There are 2 protein chains.
Amino acid sequence: MNIVPALDGERKSRKASKETRRSQLIEATIDSLAKRGYSDTTLANVADGAGLSRGIVNFHFESKEKLLVATLQHMSDEYSGHWNAALEKAGPRAADRIWALINADFDRRICTKRKLAAWCAFWGEAKSRPTYQALCGMNDRDYQQTFVTLCTALKAEGGYGYDPEAMALGICSMMEGLWFRLMMNDGLTREKALAAAIEYVAAVFPDHISTSGVK
Amino acid sequence: MNIVPALDGERKSRKASKETRRSQLIEATIDSLAKRGYSDTTLANVADGAGLSRGIVNFHFESKEKLLVATLQHMSDEYSGHWNAALEKAGPRAADRIWALINADFDRRICTKRKLAAWCAFWGEAKSRPTYQALCGMNDRDYQQTFVTLCTALKAEGGYGYDPEAMALGICSMMEGLWFRLMMNDGLTREKALAAAIEYVAAVFPDHISTSGVK
DNA sequence: ATATTTTGACTGAATGTTCATTCAAAATAT
DNA sequence: ATATTTTGAATGAACATTCAGTCAAAATAT
């Protein structure tokens, strides 16, 4: 069972730091959510997945509910950290920023089947659990608001006729829907999804964006 | 508890037809999924919601799993029946058909918080349950294929430069995402979602569709 | 340096709860 | 009278949670 030698000082030494154990358990939780879904994820599954004993989750997280909240928090932080970083890297021009956000959403690091499936497991429970809903909703509001600002800027520059609020809502919805379909539909690849998203913004902002990049 | 008098011959006569009982239980299941989510929906909840006794579900459906599959099947049939009917009513012109499909998706009868929440409960479980995935996926494929055909027709008529596959994927994804946000976000109304969807197709097919209707 | 004590992460068997399912009896219909 | 439907208590399986005990490493004493 305990095959790992001394090599991995963090992972299997009897005393790993509390933080290390916590993230180890959070990763195992994501694995289980992705493989088994929300309702079939048990603490036994998580503990087995982490290669630790049965009581371990309650020791580090007090309860199953708190483990799940910590897991969602972790994914949420990672996601919003990622798109905020992409925004920082992009220049100040609105078209560049939109381009960066769209590409960030389909980045290899963020947009894996494993993570999408875990997200979806939480979404399915979110409406009936205020805690999950709050965690999912918080980022979303920021994210959509960012798009409203950018669409407003492009409209001012380019003289498009659209309502920026409606446009931003449409774009954000499309990207969420693409994520969802990536998870559900085995035929769809990250590349195709990204291409569809870009085709759309290129169609909507023809003066600023084309399928091959920002003009 | 049992307040309903004789009035409702279908609902509380001791012998309601098997089919009547089944749909009564299916409706109670949708209620519970919407209120409590998938993982907190129990047979006791469903039976209570229907105003019947605890053992009743197993009598009519054999198992919880079969009740849930029947419920999903019911929602799926209703949904695809609705958009197919909308297509029949619309004329043969591609732009009219797209307009009809989009409006159908946000129709008052289909697009209720209750039903969206129930859909979402199933989506969250679908990736790890082949039966659900098959039921969700079947319609979706038809639906998206319908849009591919329509986008192809518009492209031929209007000389747009888009790839019809990518465009159809984008549109379907957006509508799914809008449904999702309708369920999650209390500030969003059916009317705003519909307006965003229409703005989207109007932007993409400017020669055929405007925000006020088909040209 | 070596031995002893203390610390705190970790284990896994035991416990109690929740829940789907079963079924014998009751109610109702034919 | 017989068949069908409904009830609700009983059953047992699955699961989260608890906790007394184990163990490795750190701290301290000799």
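Below, chain A is the first sequence line, B the second, and so on; all start at residue 1. Please read these numbers as outputs of a predicted model, since none were measured by experiment.
Whole-Å rounding puts the A:R21 CZ to C:dG8 P distance at 17 Å. Nucleotide C:dC10 holds its P atom 12 Å from the CZ atom of A:F61, rounded to whole Å. Between the P atom of D:dC15 and the OH atom of A:Y38 lies a distance of 14 Å, rounded to the nearest Å. Nucleotide C:dA9 holds its P atom 14 Å from the CD atom of A:Q24, rounded to whole Å. As a whole-Å value, the separation of A:H60 NE2 from D:dT18 P is 15 Å. In this structure, A:I56 places its CD1 atom 19 Å from P of D:dG21, rounding to the nearest Å.
A salt bridge links A:D40 with B:R129: at least one charged nitrogen is closer than 4.0 Å to a carboxylate oxygen. For A:E27 and A:R114, the salt-bridge test passes: some basic side-chain N is under 4.0 Å from an acidic carboxylate O.
Checked against A:W83 for a ring pair (Phe, Tyr, Trp, His ring centres under 6.0 Å), the options A:F106, A:Y143, A:F147 give a single hit: A:Y143.
Residues satisfying the salt bridge (charged side-chain N to carboxylate O under 4.0 Å, His left out) test with B:R109, not counting sequence neighbours, are B:D107.
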Next on the checklist: For DNA chain D, please output the secondary structure as dot-bracket, reading 5' to 3'. Pairs are Watson-Crick or G-U wobble, both atom distances under 3.5 Å; mark crossing pairs with [ ], other-strand partners with |, unpaired with a dot.
Outcome noted: ||||||||||||||||||||||||||||||
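Residue A:E62 qualifies as open at atom CD: its count of foreign heavy atoms under 6.0 Å is 12 or below.
Annotation: side chain of B:R190 is not in contact with side chain of B:L194 (no heavy-atom distance under 4.5 Å).
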Next on the checklist: For a quick check, with a 4.0 angstrom heavy-atom cut-off, what is the B/S/- contact string for nucleotides 16-23 of chain C, read 5' to 3'?
Outcome noted: ---SSBB-
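Using modelled atom types and a 3.5 Å distance limit, the side chains of B:S39 and A:E125 yield a donor-acceptor pair.
Relative orientation of the B:W119 and B:W179 rings is tilted, given thresholds of 30° and 60° on the angle between their planes.
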